Amino acid sequence: MSGVPQYEYVKLADRITEEIQSGALPKGARLPGEREMVEIYGVSIGTVRRALALLRERGTVATLPAKGTFVM
């Protein structure tokens, strides 16, 4: 890292990306709900929401209303 502080939501998005790349979260898998992710990763709900938004921007996940967030 270049000495630049990294935001928690970016760290979380990168961690989830690593889990996807490792196969722990395969394509088509449903991610845990936001509140469950708060418990799993020990971060705030805002951090989870920003991380998911970043993952959507990257094309890594898609969120379907009332269905959940899925690995692309």
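From a predicted model like this one, the values you see are computed outputs, not experimental measurements.
Residues A62 and M72 share a closest heavy-atom pair of CB-SD, 3.3 Å. Minimum interatomic distance between A24 and P26 (heavy atoms only, all atoms of both residues): O-CD, 3.6 Å.
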Working for side-chain contact (heavy atoms from CB on, under 4.5 Å), residues R30 and V71: CA-CA 7 Å; R30 184 179 179 278; V71 176; over 6 Å; no
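We find the CD-CG distance between Q21 and D14 to be 9.5 Å, quoted to the nearest 0.5 Å. To the nearest 0.5 Å, atoms CZ (R35) and CD1 (I40) are separated by 14.0 Å. Distance OH/Y41 to CD/E8: 13.5 Å, rounded to 0.5 Å.
The shortest side-chain heavy-atom distance between L64 and F70 falls under the 4.5 Å cut-off. Here the side chains of E34 and R49 are in contact, with some heavy-atom distance below 4.5 Å. T63 is not listed as a side-chain neighbour of L52, based on a closest heavy-atom distance of 4.5 Å or more.
Side chain of T47 to backbone of V43: no donor-acceptor contact under 3.5 angstrom is found.
If you chain together hydrophobic residues whose side chains sit under 4.5 Å apart, V48 and L25 fall into the same group. Hydrophobic clustering places M37 together with I20 (ILVMFWY residues linked when any side-chain heavy atoms are closer than 4.5 Å, directly or through intermediates). Residues L12 and L55 are members of one and the same hydrophobic cluster, defined by side-chain heavy-atom contacts under 4.5 angstrom among Ile, Leu, Val, Met, Phe, Trp and Tyr. Hydrophobic clustering keeps I16 apart from Y7 (ILVMFWY residues linked when any side-chain heavy atoms are closer than 4.5 Å, directly or through intermediates).
Ion pairing of E18 with R15 is absent here, as no side-chain N (NZ or NE/NH1/NH2) approaches a carboxylate O to less than 4.0 Å.
Other residues, nucleotides and ligands place no more than 12 heavy atoms under 6.0 Å from the CZ atom of R50.
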